[in-house]
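Convention: sequence-line order gives letters A, B, ...; per-chain numbering from 1. As a basis for the values below, the full set of heavy atoms in this structure was taken, side chains included, without hydrogen atoms, waters or symmetry mates.
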Amino acid sequence: MEKKNTDIIAKKDENLTGLDFIREIIRNDLKQNKNNGQVITRFPPEPNGYLHIGHAKAIVLNFSVAEEFKGRCHLRFDDTNPTKEEMEYIDAIKKDIRWLGYDWDDHEYYASDYFEKIYDYAVQLVKKGKAYVDTLTSDEIREYRGTLTQAGKDSPYRNRSVEENLSLLEKMRNGEMEEGACVLRARIDMASGNINMRDPSMYRILKASHPKTGDKWCIYPMYDFAHPLSDAIESITHSLCTLEFEDHRPLYDWFLDQLSTPAHPRQIEFARLNITYTVLSKRKLLHLVSEGHVKGWDDPRMPTLSGLRRRGYTPESIKVFCNRIGVAKSNSVVDIALLEHCLREDLNKTANRVMVVLRPLKVIIDNYPDEKVEELDAINNPEDESMGKRTIPFSKVIYIEREDFKEDPPKKFFRLAIGREVRLKHAYYIRCESIVKDEKTGDIIELHCTYDPRSKGGWTEDGRKVMGTLHWVSTAHAIKVQVNLYDHLFLKEDPENLPEGSDFTSNLNPRSMEIIKDCFAEPSLKNAQVGDRFQFLRQGYFCLDPDTSSGRMIFNRIVNLRDSWAKIEKSILS
RNA sequence: UGGGGUGUAGCCAAAUUGGCAAGGCAGCGGCCUUUGGAGCCGCCAUCUGGAGGUUCGAAUCCUCCCGCCCCAGCCA
């Protein structure tokens, strides 16, 4: 038997608990057979900046709701303000949505596609006496609007005749009026407690060239007028937006009630996403880019989708995250640890393991033959055997991680120290016999070790217990690579939490990026392609950056591995 | 006495609409481990912003109080 839309269990990823309130509303609408059982949503970005993970929440919501209820989701650019919008952003937005894995077929629309229709609707309102041209200055309009606690008062031009309004509106459209000389206003109620209803502006004069319509128009509709009409023209059934538009809803409905449109979509508001240690406002992100605090919109530290992509985030992890945080109406701040958890969860299953030494310390294995090289077997991903195996060259001189040796090992440190034995992953047990220091600085230059030939592959039959396992790389075979270590862009959980007089950039983390130039990677990494993701054993997940050139590979750290030793170390210190 | 929202654990967030507080993250123990990764097991709200009330029974209903968020663009 065919499934009805209402039978669909949403949120496939999650347990079968209640639907979020939006899916609940839609299900009920469907039960009552509203909209002929159709569900059409839309994602309406303004092309004035890059998409960030907050938009991803809206994208995932709109597209997955549409899919779950067998409807569709439109992509519509809300391009009603040519002074801020650019083609560059349109292209970037499309690329980002596709990267997330969504497809809008041919339902790609622009509010500007509807400018003619929207204008006609405006004329209708004027004819009904529900809109008028106001020649008050913008300052005067603000004064007349009143305050939060005091009613506004009517503009002296509020009662112009329909004929005069019509001719004035036409003059606005024809470019016969100066920018700022007048606006078209809805005639609603200057005493409303809801300020949005105090005769809001519908059209303003902007003598600016538009990325799509060029110089065809010199008046542009305001969001509050264009949005409900665009939704209605596309027969959107559920228009999902963020909480700050809640008190615009009466206006949204007012316009649609006054006009006879093909549909009257239902606007539903949900809480926008906030994440700890992160700033998610286009204005602030633009500021970070334009003031050079980051290297661009796609800087791997940015929460933009292009930044996350370059950093190495998988689209899958972002979608899982968006589903896991839920959709509700209370303002919330999600712990960035949840995002990182979703990332690791995905990468753990999909990323090949390789060995890379970030801060090398030379180890000479005294009892290993000088010229001998062995090719040792290594599994690519212990989570998934089907990802295969590779070999790694082993020889007398290797690098290990500097922090894996300690002259004075603290309690619970079970890595290398003089007289101790550890396992080299996939290779042999080695014991540290002596160390060589720089006479002047006292720095450790190299370690002398011996290996146990019976421990080939990393184990022995005698059941000897070896606690530590280190990653390593053969010096003669290693390739030198650059590694960029990233950390949170902001020092404070809430970057907006500032002392009086300073701005959010004072909370920037000065150590959000650390570049390590001379790292040594196992030779198999030679074949890596830009965008490939790996787990550097015991270090974290890394992604080959597009700045990589033939002479220099650059890896971005996507996220570190959970590090329980770091916690132990911290508790020992305190 | 401006309007609109919202309060469930450190952070998100459910609770089939009055039936006895899911789940995830974080944290904490333990097991396991050729990654101090992963995995596995256990613990983590006598209680839903507060105070009253209705009821056999309240996070859900009523009353009052408190906190937090949004709105005074010719931005979206």
*Asks:* Indicate, with a heavy-atom threshold strictly under 4.0 Å, whether A/Y428 touches base, sugar-phosphate, or nothing.
*Replies:* nothing

*Asks:* Is the A/Y119 ring parallel, tilted or perpendicular to the A/W217 ring (thresholds 30°, 60°)?
*Replies:* tilted

*Asks:* Expressed as a whole number of Å, how far does the C1' atom of B/rC64 sit from that of B/rC56?
*Replies:* 26 Å

*Asks:* Considering only heavy atoms and no angle criterion, is a donor-acceptor pair shorter than 3.5 Å present between the side chain of A/R415 and the base of B/rG36?
*Replies:* yes

*Asks:* What protein N or O atoms touch nucleotides 8-10 of chain B N or O atoms at under 3.5 angstrom, if any, and at what distances?
*Replies:*
none

*Asks:* Under the 6.0 Å and 45° cation-pi test, does A/R464 pair with A/Y429?
*Replies:* no

*Asks:* Under a 3.5 Å cutoff on both atom distances, Watson-Crick or G-U, what's the dot-bracket for RNA chain B ([ ] crossing, | other strand)?
*Replies:* .((((((..(((......[...))).(((((.......))))).....(((((..]....))))))))))).....

*Asks:* Heavy atoms, side chains only, cut-off 4.5 Å: are A/D404 and A/H471 in contact?
*Replies:* yes

*Asks:* Expressed as a whole number of Å, how far does the C1' atom of B/rU48 sit from that of B/rG18?
*Replies:* 15 Å

*Asks:* Distance check, P atoms only: B/rU6 and B/rG49, in whole angstrom units.
*Replies:* 14 Å

*Asks:* Checking only heavy atoms, does the side chain of A/E383 share a donor-acceptor pair with the base of B/rG37 at less than 3.5 Å?
*Replies:* yes

*Asks:* Could you label the plane-to-plane angle of the A/F115 and A/H210 rings as parallel, tilted or perpendicular, counting under 30° as parallel and over 60° as perpendicular?
*Replies:* perpendicular

*Asks:* Side chain of A/I195, heavy atoms from C-beta onward: which of B/rG36, B/rU35, B/rG2 has the nearest atom to it?
*Replies:* B/rG2

*Asks:* Report the relative orientation of the aromatic rings in A/F43 and A/H55; use parallel for angles under 30°, tilted for 30 to 60°, perpendicular for over 60°.
*Replies:* perpendicular

*Asks:* Base, sugar-phosphate, or nothing for A/H426, non-hydrogen atoms under 4.0 angstrom?
*Replies:* base

*Asks:* From B/rG37, B/rG73, B/rG36, pick the nucleotide closest to the side chain of A/T469?
*Replies:* B/rG36

*Asks:* Would you say A/Y223 stacks on B/rA76, if stacking means ring centres under 5.5 Å apart and planes within less than 30 degrees?
*Replies:* no

*Asks:* Given the C1' atoms of B/rC12 and B/rA22, what is the spacing between them in whole Å?
*Replies:* 14 Å

*Asks:* Return the nearest nucleotide to the side chain of A/T80; candidates are B/rA76, B/rA72, B/rC12.
*Replies:* B/rA76

*Asks:* So what does A/V183 touch, heavy atoms closer than 4.0 Å: a base, only the sugar-phosphate, or nothing?
*Replies:* base

*Asks:* Counting only distance, no hydrogens or angles, is the base of B/rU35 paired donor-acceptor with the side chain of A/Q535 under 3.5 Å?
*Replies:* yes

*Asks:* Provide the distance between the two P atoms, one in B/rG53 and one in B/rC11, to the nearest whole Å.
*Replies:* 30 Å

*Asks:* Would you kindly give the CG-to-C1' distance between A/L338 and B/rG23, to the nearest whole Å?
*Replies:* 12 Å

*Asks:* In whole angstrom, give me the gap between the P atoms of B/rA26 and B/rG19.
*Replies:* 33 Å

